[in-house]
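Inspection log for the structure reproduced underneath, given as structure tokens.
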Amino acid sequence: MIAVLTGPVRSGKSTMALSLALASGQRVVLAVGGRADDPEMARRIARHQENRPSSVAVLEVSGDPGWLAAVDPGACLVVDCLGTVLGLSLAALVPDGAEMAEADAEDRARTVADALVDGLLDRSAPTVVVTNEVGWGVVPATPLGRLFRDTLGYANRRLIDEADIAWL
């Protein structure tokens, strides 16, 4: 079973995802990609930690989708959030200060997204994926921002097309 929760930031997706996972009756593993690189992000992470039961195992993931192999195959996996996890991989595809992404950046980004999405879809235990909606507003001003928007939209579409259930 794969469930996808998408929508705007701070709309309750993480709370709902954790509730779904805990209701599964299985061990819950929460995969997170956020890094406390600045005080504001540290506060966001602390707020999530305060609202999470101690029974939930937390796995800090990297941009390499190989982290999925470390997840107990019988555990209910919550990915919070796909954009953050995917963003870890995409940042390396566009150098800081680049005026445009290289011609093959979109293909490389889709390869990364496909590996992550395929890994999530291949799980037999329940998987709950939190993601954000992108592309409903302004076009990002940077090449990396545009690559991220397009790639996350692509990954969201793939997951939602294959999901057992999805909520907006």
Side-chain angles (χ1 to χ4, degrees), residues 1-18 20-21 27-38 40-49 51-52 56-73 75-94 101 105-135 140 142 144-164 166-168:
M1 187 281 300
I2 188 158
V4 179
L5 290 89
T6 187
V9 173
R10 297 188 189 249
S11 62
K13 299 180 305 287
S14 297
T15 301
M16 184 175 175
L18 196 53
L20 288 170
R27 180 172 175 262
V28 176
V29 175
L30 176 65
V32 296
R35 302 286 183 263
D37 293 335
D38 60 62
E40 185 267 338
M41 189 62 172
R43 283 192 305 273
R44 286 175 179 257
I45 291 170
R47 188 172 34 253
H48 275 275
Q49 290 169 336
N51 295 327
R52 179 168 51 231
V56 174
V58 176
L59 176 64
E60 291 185 9
V61 304
S62 67
D64 178 351
W67 62 265
L68 281 162
V71 178
D72 174 354
C76 179
L77 173 64
V78 177
V79 177
D80 193 4
C81 111
L82 184 66
T84 305
V85 172
L86 190 56
L88 293 170
S89 302
L90 299 182
L93 297 180
V94 180
E106 187 172 337
D107 290 336
R108 291 186 294 149
R110 282 189 177 216
T111 298
V112 168
D114 283 336
L116 181 56
V117 170
D118 289 343
L120 293 169
L121 293 173
D122 286 346
R123 296 191 79 245
S124 58
T127 303
V128 182
V129 180
V130 174
T131 190
N132 289 307
E133 282 305 310
V134 291
T142 65
L144 179 57
R146 291 186 293 274
L147 182 66
F148 172 79
R149 177 203 56 191
D150 294 348
T151 306
L152 182 58
Y154 168 78
N156 285 349
R157 174 68 186 266
R158 280 210 54 219
L159 269 175
I160 291 168
D161 283 351
E162 298 290 330
D164 296 289
W167 288 276
L168 172 63

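Worth saying up front: this structure is predicted, and the values here are computed from it rather than measured. Positions are given from 1, in the same order as the sequence printed here.
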Subject >> Pairwise distance CG(Asp72) to CZ(Arg123) - rounded to 0.5 angstrom >> reply: 8.0 Å
Listed pairs under 3.5 Å, donor-acceptor, residues 111-122 side chains, sequence neighbours left out:
{"from": "Thr111", "atom 1": "OG1", "to": "Asp107", "atom 2": "O", "distance (Å)": "3.0"}
{"from": "Asp114", "atom 1": "OD1", "to": "Tyr154", "atom 2": "OH", "distance (Å)": "2.6"}
{"from": "Asp114", "atom 1": "OD1", "to": "Arg158", "atom 2": "NH1", "distance (Å)": "2.9"}
{"from": "Asp114", "atom 1": "OD2", "to": "Tyr154", "atom 2": "OH", "distance (Å)": "3.2"}
{"from": "Asp118", "atom 1": "OD1", "to": "Arg158", "atom 2": "NH1", "distance (Å)": "3.1"}
{"from": "Asp118", "atom 1": "OD1", "to": "Arg158", "atom 2": "NH2", "distance (Å)": "2.7"}

Subject >> Heavy-atom side-chain contact between Leu20 and Val78 under 4.5 Å >> reply: no
Original post:
What's the spacing between Lys13 NZ and Thr131 OG1 if we round to 0.5 Å?
Top reply: 8.0 Å
**OP:** Look up atom CG in Leu152 and atom OG1 in Thr6, then write down how far apart they are to the nearest 0.5 Å.
**Re:** 7.5 Å
**OP:** For Thr84, enumerate each residue passing the side-chain contact (heavy atoms from CB on, under 4.5 Å) test, keeping only those at least two apart in sequence or located in another chain.
**Re:** Cys81
Subject >> Heavy-atom pair of closest approach, residues Trp167 and Ala3 >> reply: CZ3-CB, 4.0 Å
Subject >> Asp80 to Ser14 - nearest heavy-atom pair and separation >> reply: OD2-OG, 2.6 Å
Subject >> Option passing side chain to side chain contact (heavy atoms under 4.5 Å, CB included) with Met1 (candidates Pro126, Ser124, Cys76) >> reply: Pro126
**OP:** To the nearest 0.5 angstrom, please state how far the OG1 atom of Thr142 sits from the CZ atom of Arg149.
**Re:** 10.0 Å
Original post:
Any salt bridge between Asp161 and Arg157, counting N to O under 4.0 Å?
Top reply: yes
**OP:** Could you grab the distance from atom CD1 of Ile2 to atom CD of Glu162, nearest 0.5 Å is fine?
**Re:** 9.0 Å
Original post:
If every non-hydrogen atom of Leu147 is compared with every non-hydrogen atom of Ala109, which pair is closest and at what distance?
Top reply: CD1-CB, 3.8 Å
Subject >> Spacing of Leu77 atom CG and Leu59 atom CG [to the nearest 0.5 Å] >> reply: 8.0 Å
Original post:
Closest heavy-atom contact between Gly83 and Phe148?
Top reply: O-CE1, 3.2 Å
Original post:
Nearest heavy-atom pair of Ala155 and Leu82: which atoms, and what distance?
Top reply: CB-CD2, 4.1 Å
Original post:
Would you call Val128 and Met16 a side-chain contact if the rule is heavy atoms closer than 4.5 Å?
Top reply: no
Original post:
side-chain contact (heavy atoms from CB on, under 4.5 Å) with Val32: which residues, sequence neighbours excluded?
Top reply: Leu30, Val58, Glu60
Subject >> Least distance between heavy atoms, Ala163 atom then Val4 atom >> reply: CB-CG2, 3.9 Å
